[in-house]
2 protein chains.
Amino acid sequence: MKIGELSRATGTNIETIRYYERIGLLPEPDRTAANYRSYGDPHRARLTFVRHSRELGFTIEEIRSLLDLSDDPARDCSEADRIASRHLAQVEEKIAQLTLLRDELTRIVGRCRGGVAADCRVIEALGDHGHCESAH
Amino acid sequence: MKIGELSRATGTNIETIRYYERIGLLPEPDRTAANYRSYGDPHRARLTFVRHSRELGFTIEEIRSLLDLSDDPARDCSEADRIASRHLAQVEEKIAQLTLLRDELTRIVGRCRGGVAADCRVIEALGDHGHCESAH
DNA sequence: TATGCACCCTGTAGCAACTACAGGGTCAAG
DNA sequence: CTTGACCCTGTAGTTGCTACAGGGTGCATA
């Protein structure tokens, strides 16, 4: 399959596929006589793995480790679990942070009573951390 | 006050202060005879505004608009409210996304039973979107 | 007086993870 | 035989910083 087909099959931008190849996340595919990239099912599976992992928020380096692991079926699975667990912890931390932030923003937005900028409670709140209820 | 003092007073990296000046978020300060930047209270207040807004997740461009607004006290406050409300909506959207993601990751991590990579449920789940319960 | 040290300056390059060209080649249909 | 869709390489841009390299300044101490 050519790069456009792989792109459609996986919902990945063509430029992104070439980028993944450039950084060594995807192997270099064979080329046709016209120097077009030619992909097979293993490429598609690997790209699907990468995209799915990216959607779940794993970094490229984490994905590299996970791919290394799956390329070596005899290795112990615990590293995959460790990477995923650590990532889960980061996501939970991010949710906690954003929740504080949302509460703060809700308070700030709620203060708006219209009028001119000189009296704007939103602008006032942004300039003065003292109005905040939580650390962020 | 010199840049190091401003840095300590606002908890902002020196390089970041110079970066904000370069992109026009902070005005160019006066210079001493030795060409050192010399800041006053208005600079500190403006930088505090910027940092606080950044902590709340506003983009540089949003902050630019908010600063323009506060520089012109006669303008209507509604744009500030609009920017903050839109940002709040984005934060809520992000929380919702991350919550789905967290649930998916929790499911994936929970599947790990140890063993070798060939049988790894984590790696399997990453390679196959079909295991997922929600869109992400 | 020398010298160390903390601080300041400019300018440029790097980070993540793409995205967007510019400027060209290939191929099948009408 | 030309039009249009597709492909190629290489480079530069995005956001919001951060990290140098290579230099100058200012003050205290030996």
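Residue numbers start from 1 in every chain, and the chains themselves are labelled A, B, ... in the order their sequence lines are given, proteins ahead of strands. Hydrogens, waters and symmetry mates play no part in the numbers below; they use all other heavy atoms, side chains included.
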Under the side-chain contact (heavy atoms from CB on, under 4.5 Å) rule, what do A:Val91 and A:His87 come out as? Steps first, then yes or no, please.
CA-CA 6 Å; A:Val91 169; A:His87 181 53; 3.9 Å; yes
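Residues satisfying the salt bridge (Lys or Arg N to Asp or Glu O under 4.0 Å) test with B:Glu124, not counting sequence neighbours, are B:Arg111, B:Arg121. Every residue two or more places apart in sequence or in another chain that forms a side chain to side chain donor-acceptor pair (under 3.5 Å) with B:Arg75 is listed here: B:Glu79. Qualifying side chain to side chain donor-acceptor pair (under 3.5 Å) partners for B:Thr10, counting only residues two or more places apart in sequence or in other chains: B:Thr12. Take A:Arg8 and apply the side chain to side chain donor-acceptor pair (under 3.5 Å) test, not counting sequence neighbours, and it matches no residue. The ring-ring contact (aromatic ring centres under 6.0 Å, His included) check on B:Tyr19 picks up nothing, with sequence neighbours excluded. Applying the side-chain contact (heavy atoms from CB on, under 4.5 Å) rule to A:Glu61 yields the partners A:Thr59, A:Arg64; only residues at least two apart in sequence or on another chain are considered. Partners of A:Glu5 by salt bridge (Lys or Arg N to Asp or Glu O under 4.0 Å), not counting sequence neighbours: none found.
Within the nucleic acid shown, A:Ile23 has no heavy atom closer than 4.0 Å to any nucleic acid atom.
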Please convert DNA chain D into dot-bracket. A pair counts if it is Watson-Crick or G-U wobble with both distances under 3.5 Å; crossing pairs go in [ ] and bases paired with another strand get |.
||||||||||||||||||||||||||||||
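Taking a 4.0 Å limit (strictly below) on heavy-atom distances, residues 29-42 of chain A reaches DNA chain C at A:Ala34, A:Tyr36.
One can place CD1 of B:Ile17 at 10 Å from P of C:dC9, the figure rounded to the nearest angstrom. Across the protein-nucleic acid pair, B:Glu62 atom CD and D:dG16 atom C1' stand 14 Å apart, rounded to whole Å. Summarising the geometry, the separation between CD on B:Glu21 and P on D:dC17 is reported as 15 Å, rounded to the nearest angstrom. Put simply, CG on B:Leu47 is 11 Å from P on D:dC17, counting in whole angstrom units.
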Identify every side-chain donor-acceptor pair in residues 25-34 of chain B under 3.5 Å, counting partners at least two apart or on other chains, and give the distances.
from: B:Arg31; atom 1: NH1; to: B:Asn35; atom 2: O; distance (Å): 3.0
from: B:Thr32; atom 1: OG1; to: B:Ala34; atom 2: N; distance (Å): 3.2
from: B:Thr32; atom 1: OG1; to: B:Tyr36; atom 2: N; distance (Å): 3.1

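Applying the ring-ring contact (aromatic ring centres under 6.0 Å, His included) test to pairs two or more places apart or on separate chains, none has a residue in residues 94-118 of chain A.
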For nucleotides 16-21 of chain C, read 5' to 3', which letter fits each nucleotide if B means a protein heavy atom sits under 4.0 Å from the base, S means only the sugar-phosphate is that close, and - means neither?
-BBBBB
